[in-house]
S.K.: 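Before I ask anything, let me first share the structure, which is written out below as structure tokens.
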2 protein chains.
Amino acid sequence: MVTSTRRGPYVCGIDAGMDVVSGKWKSLILWELNNHGIRRFGELRRGLPGVSEKMLIQHLREMEEDGLVHREMYREVPPRVEYSLTEHGTSLNEALRPLGEWGTRRRERLAAEDALTSTSPAAPRQASPTMPVHPGQAIV
Amino acid sequence: MVTSTRRGPYVCGIDAGMDVVSGKWKSLILWELNNHGIRRFGELRRGLPGVSEKMLIQHLREMEEDGLVHREMYREVPPRVEYSLTEHGTSLNEALRPLGEWGTRRRERLAAEDALTSTSPAAPRQASPTMPVHPGQAIV
DNA sequence: TTCAATACTTACCCGGAAGTTAGTGTCCAG
DNA sequence: CTGGACACTAACTTCCGGGTAAGTATTGAA
């Protein structure tokens, strides 16, 4: 079972909160659904560059089980499935906002450090040109 | 190096925030240091039941490298090392508070569900259907 | 007839996170 | 003189999260 190690006995709230977002794409799925309201499976896949179908579903299933996302299936041909955030998902997303803002400040700090460390401090732009990018990973 | 996969190119702030707390004990270390201000290595180990010395140090090192914790070493015999949060560590802890509160609410929900789901063999106070289940204090 | 699109499912594999165990040097209590 | 406290370090092993690739059923389009 996927949920074998999850829902463990939590020692505090942060444990319980971290647990539901632990997963490479969970927070991005949350963000994507929060921004678009309703998304089909394929839309989500295309909206998260680099995610594999297997992981997308696995994460969506876990988040559904955790009561974060709602799954609506229409028995059509071709099949259509719509995902959206539940009330809990929306509130989780809001609870993550301060962390996101903290991370944004951290990114800015790192970019500034990189700009200083680089040999020629010519371009201290916020989008650091020295930042390594590997194919398949989009910079948003 | 431990930091091989870390500090990857982040797609958004949440990525950058999640990265520094990804690690089984990171958030608990943060919590522990935030509560006590200053803690020695052994105190931290005893304060986090189940952590291995290897993981404790590895996490402390990474957090030090990320600018979250400060490490003060006193060349005494026996050796003494004191850990504390930096300004960034403190602000990260505050940024995590909403998530912690969300998690606490989730724990309460889960506890309530468990209370309903179980056939109430252990501690079913009263079977009054009108009685709201209120777990109150967190089970730490 | 073959291909694309839809939303998955299944099998296999790899790398890294985490666990286990042992060892370091110095001092003091027993 | 043996052991423990202290703060680590190192070697080895296990486990599992995530990636890759192929297969499923259906229909319409080329």
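So that the names make sense, note that chain A is the first sequence line, chain B the second, and so on, each numbered from 1.
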S.K.: Can you give me the N/O atom pairs linking the protein to nucleotides 22-30 of chain C at distances under 3.5 Å, or say none if there are none?
M.R.:
none

S.K.: Using only side-chain N and O atoms of A:Arg75, determine if any of them is under 4.0 Å from OP1 or OP2 of D:dT26.
M.R.: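 So the side chain of A:Arg75 is outside the cut-off, no N or O lying under 4.0 Å from OP1 or OP2 of D:dT26.
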
S.K.: Taking only side-chain N and O atoms of B:Arg71, does any of them lie within less than 4.0 angstrom of OP1 or OP2 on D:dC8?
M.R.: yes

S.K.: Which of these nucleotides, C:dC12, C:dT20, D:dA7, is closest to any side-chain atom of B:Arg40?
M.R.: D:dA7

S.K.: State whether the side chain of A:Glu43 and the backbone N or O of A:Arg40 hold a donor-acceptor pair below 3.5 Å, judged by distance alone.
M.R.: yes

S.K.: Under 4.5 Å between any side-chain heavy atoms of A:Leu56 and A:Ile29, yes or no?
M.R.: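 A side-chain contact under 4.5 Å exists here.
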
S.K.: Give a yes/no on whether any side-chain N or O of A:Arg61 is located under 4.0 angstrom from OP1 or OP2 of C:dT9.
M.R.: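 Answer yes for this pair, as a side-chain N or O of A:Arg61 is under 4.0 Å from OP1 or OP2.
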
S.K.: Which dot-bracket string fits DNA chain C when only Watson-Crick or G-U wobble pairs with both atom distances under 3.5 Å count, crossing pairs get [ ], and | stands for a partner on a different strand?
M.R.: ||||||||||||||||||||||||||||||

S.K.: Look at the side chain of A:Lys54 and decide which nucleotide, out of C:dC12, C:dT6, C:dC8, has an atom nearest to it.
M.R.: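 Closest nucleotide among those given: C:dC12.
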
S.K.: Show every donor-acceptor pair shorter than 3.5 Å between a side-chain atom in residues 74-86 of chain B and any protein atom, with sequence neighbours excluded, or say none if there are none.
M.R.:
from    : atom 1 : to      : atom 2 : distance (Å)
B:Tyr74 : OH     : B:Glu82 : OE1    : 3.3
B:Glu76 : OE1    : B:Arg80 : NE     : 3.3
B:Glu76 : OE2    : B:Arg80 : NH2    : 3.0
B:Arg80 : NH1    : B:Glu82 : OE2    : 2.8
B:Tyr83 : OH     : B:Arg71 : NE     : 3.4
B:Thr86 : OG1    : B:Gly67 : O      : 2.5
B:Thr86 : OG1    : B:Leu68 : O      : 3.0
B:Thr86 : OG1    : B:His88 : N      : 3.3
B:Thr86 : OG1    : B:Gly89 : N      : 3.2

S.K.: Below 4.0 angstrom from OP1 or OP2 of D:dG19, is there any side-chain N or O of A:Trp25?
M.R.: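 A:Trp25 to D:dG19 OP1/OP2: side-chain N or O found under 4.0 Å.
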
S.K.: Respond yes when some side-chain nitrogen or oxygen of B:His59 is under 4.0 Å from OP1 or OP2 of C:dA18, and no when none is.
M.R.: yes

